2 protein chains.
Amino acid sequence: MIIQLFIIFTIMMSKKCKYALKALTRLAKNFNKGHLQTADIARLENIPKKFLEQILLELKHARMVGSKQGSGGGYFLIKNPKEISVADVYRLFDGAIALLPCVSINFYERCEDCTDEKSCAMQREFIKIREGARKMMSKVTIHSFIKDSDSQ
Amino acid sequence: MIIQLFIIFTIMMSKKCKYALKALTRLAKNFNKGHLQTADIARLENIPKKFLEQILLELKHARMVGSKQGSGGGYFLIKNPKEISVADVYRLFDGAIALLPCVSINFYERCEDCTDEKSCAMQREFIKIREGARKMMSKVTIHSFIKDSDSQ
DNA sequence: ATCATAACCTACTTTACAAGTAGTATTTGG
DNA sequence: CCAAATACTACTTGTAAAGTAGGTTATGAT
């Protein structure tokens with residue numbers, strides 16, 4: 001009997017970021033229709049409530065959502081769903097879109113092992129890759145998640 | 001006096017993967033011209049030698065490079081540099097190109113918090129994002145790193 | 001044959017962060 | 001003033017990245 005165990009580790013979007021997108025989508029469905037409470041969003045989207053609290057707070061500090069404290073309070077979207085892209089949310093929670101720090105626009109950092117950045121062929125090529133990802137991630141917005149597929 | 005400390009965490013390519021690409025590029029420059037030793041590649045590319053050993057071994061197991069043991073041995077490329085894409089190397093070391101497991105071609109996994117995958121708008125949109133990244137990462141090869149910019 | 005050299009392989013260490021949990025403070029409507 | 005909700009801080013647990021350490025095996029040269 002052979003037991004095969006496949007453990008695969010991958011670098012992907014964090015759950016925090018994914019939950020944020022789901023929460024924003026839920027709020028977008030309620031755009032200009034009052035507010036929703038953390039507990040409700042958590043239940044509807046299968047997100048741990050206390051974890052979601054932190055996420056909504058971060059979204060508030062990033063001025064994507066607004067809140068109302070006290071009994072009967074909740075969260076609401078303050079930006080148009082069409083103006084919140086996946087790129088925006090990804091940068092907020094997971095950081096750079098580029099695969100290398102020396103290629104990042106918003107999170108640039110020099111590579112320690114690089115001798116001459118100006119002639120670095122990797123940098124040149126990874127800029128192309130970044131642009132491929134960045135364009136798509138900027139094009140897809142929270143609004144993309146609430147419209148149905150054929151209403152493209 | 002205000003001290004501001006910015007700590008930014010980002011999800012990027014692992015160093016292992018980056019080092020692998022650099023090592024492959026170095027071997028590609030020597031394609032069909034004999035072999036290079038770990039120590040030399042390590043020195044030329046500023047990669048910790050023992051770490052590079054592991055990486056070259058993984059590349060060997062993935063049949064991208066070949067090796068010769070014993071004194072005067074070393075590593076050499078066995079695939080054409082044009083046929084080793086960034087996507088290939090990335091998948092080997094860092095896993096999925098897609099940002100969500102349910103969107104990955106090679107590392108698919110169901111999302112626990114998803115109720116109905118067929119009607120999931122996020123999945124539908126993230127496939128587009130994956131394709132943006134995947135196309136670019138498949139187009140850029142080790143050969144891209146050794147040619148100069150205007151010889152496009 | 002044996003020695004130096006370089007690949008091959010496994011295990012360990014350290015650090016850091018993701019993914020949450022816990023508990024308290026603050027605001028606000030009734 | 002009380003209940004309900006957000007606001008905030010701190011802690012926990014597990015796991016992976018990045019590298020280190022040390023030994024084994026193969027091979028060309030002496």
Side-chain angles (χ1 to χ4, degrees), chain A residues 5 7-20 22-23 27 34-43 46-63 65-76 78 90 92-96 99 101 111-113, chain B residues 5 7-20 22-23 27 34-43 45-62 65-76 78 90 92-96 99 101 111-113:
Chain A
L5 188 62
I7 303 175
I8 295 162
F9 303 114
T10 61
I11 298 181
M12 292 192 174
M13 173 176 280
S14 69
K15 289 210 172 185
K16 211 169 182 179
C17 187
K18 186 193 173 190
Y19 291 159
K22 289 178 78 175
L27 290 171
H35 46 256
L36 292 177
Q37 293 179 355
T38 309
D40 294 325
I41 301 173
R43 187 173 23 79
N46 287 313
I47 304 171
K49 194 201 154 198
K50 287 294 269 180
F51 196 26
L52 182 58
E53 265 184 37
Q54 288 178 29
I55 293 164
L56 287 168
L57 215 52
E58 282 192 64
L59 289 171
K60 190 197 167 180
H61 293 151
R63 303 187 181 271
V65 306
S67 70
K68 195 159 182 287
Q69 254 181 309
S71 115
Y75 288 94
F76 50 92
I78 53 175
Y90 189 87
L92 184 62
F93 289 97
D94 291 347
L99 291 174
C111 295
E112 315 100 58
D113 56 304
Chain B
L5 188 62
I7 303 175
I8 295 161
F9 302 115
T10 60
I11 298 181
M12 291 193 174
M13 172 176 282
S14 68
K15 290 210 171 187
K16 210 169 183 178
C17 188
K18 186 193 172 190
Y19 291 159
K22 288 178 77 175
L27 290 171
H35 47 256
L36 292 178
Q37 294 180 353
T38 309
D40 294 325
I41 302 173
R43 188 173 25 78
E45 300 291 349
N46 287 312
I47 304 170
K49 194 202 154 197
K50 287 295 269 180
F51 196 26
L52 181 59
E53 266 185 35
Q54 289 177 29
I55 294 165
L56 286 166
L57 216 52
E58 282 192 65
L59 289 171
K60 190 198 168 180
H61 293 150
V65 305
S67 68
K68 193 157 182 291
Q69 254 179 309
S71 117
Y75 288 95
F76 49 92
I78 53 176
Y90 190 87
L92 184 61
F93 290 96
D94 291 347
L99 291 174
C111 296
E112 316 100 58
D113 55 306

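For clarity, every value in this text was computed on a predicted model and none was experimentally measured. The basis for the numbers below is simple: all heavy atoms, side chains too, and nothing from hydrogens, waters or symmetry mates. A note on names: the letters A, B, ... follow the listed sequences, proteins ahead of strands, and every chain is numbered from 1.
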Problem set entry | side-chain N/O B:K68 vs D:dG28 OP1/OP2, d < 4.0 Å | yes
Exercise. CG of A:L52 versus C1' of C:dT21: gap in Å, rounded?
Worked result: 14 Å
Problem set entry | Atom-to-atom span, CZ of A:F51 to P of C:dA19 - whole angstrom | 6 Å
Problem set entry | Separation of D:dA18 P from B:M13 CE (nearest whole Å) | 11 Å
For this session: Give a yes or no on whether a salt bridge exists between A:K16 and A:D94, defined as a side-chain N under 4.0 angstrom from a carboxylate O.
Result: no
Exercise. Do the side chain of A:Q69 and the base of C:dT28 come within less than 3.5 angstrom through a donor-acceptor pair of N or O atoms?
Worked result: no
Exercise. Between D:dA5, D:dA18, D:dT20, which one does the side chain of A:Q37 approach most closely?
Worked result: D:dA5
Seminar exercise, completed: Which of C:dC9, D:dT6, C:dG20 is nearest the side chain of A:Y19? It is C:dG20
Problem set entry | Phosphate OP1/OP2 of D:dT6: any A:T38 side-chain N/O under 4.0 Å | yes
For this session: From the options D:dG19, D:dC8, C:dG20, select the nucleotide whose nearest atom is closest to the side chain of A:L57.
Result: D:dC8
Problem set entry | Euclidean distance, A:L27 CG relative to A:I41 CD1, rounded to 0.5 Å | 4.0 Å
For this session: Flag the pair B:M13 / B:Y90 as yes when at least one side-chain heavy-atom distance between them is below 4.5 Å, and no otherwise.
Result: yes
For this session: Write down the distance between CG (A:L59) and P (D:dC8), rounded to a whole number of angstrom.
Result: 14 Å
For this session: Ignoring the backbone of B:E53, work out which of D:dG22, D:dG28, C:dA19 is nearest its side chain.
Result: D:dG22
For this session: Could you state the atom-to-atom distance from CG of B:D113 to C1' of C:dG20 in whole Å?
Result: 14 Å
For this session: To the nearest Å, give me how far apart CG (A:D40) and C1' (D:dT6) are.
Result: 14 Å
Problem set entry | First encountered from the 5' end of DNA chain C, between B:S67 and A:K49 | B:S67
Problem set entry | Length of the CZ-P vector between B:F93 and D:dG19, whole Å | 14 Å
For this session: For A:K50, report the nucleic acid contact type (base, sugar-phosphate, nothing); a contact means any heavy atom under 4.0 Å.
Result: base
Exercise. Would you call B:L36 and B:F76 a side-chain contact if the rule is heavy atoms closer than 4.5 Å?
Worked result: no
Exercise. How is B:H35 classified with respect to the nucleic acid when contacts are heavy atoms under 4.0 Å: base, sugar-phosphate, or nothing?
Worked result: nothing
Exercise. Below 4.0 angstrom from OP1 or OP2 of D:dC8, is there any side-chain N or O of A:H61?
Worked result: yes
Problem set entry | A:Q54 (side chain) and C:dT21 (base): donor-acceptor pair under 3.5 Å | yes
Exercise. How long is the line joining CG of A:L56 and C1' of D:dA5, in whole Å?
Worked result: 12 Å
For this session: Could you tell me whether the side chain of B:H35 reaches within less than 4.5 Å of the side chain of B:S67, counting heavy atoms only?
Result: no
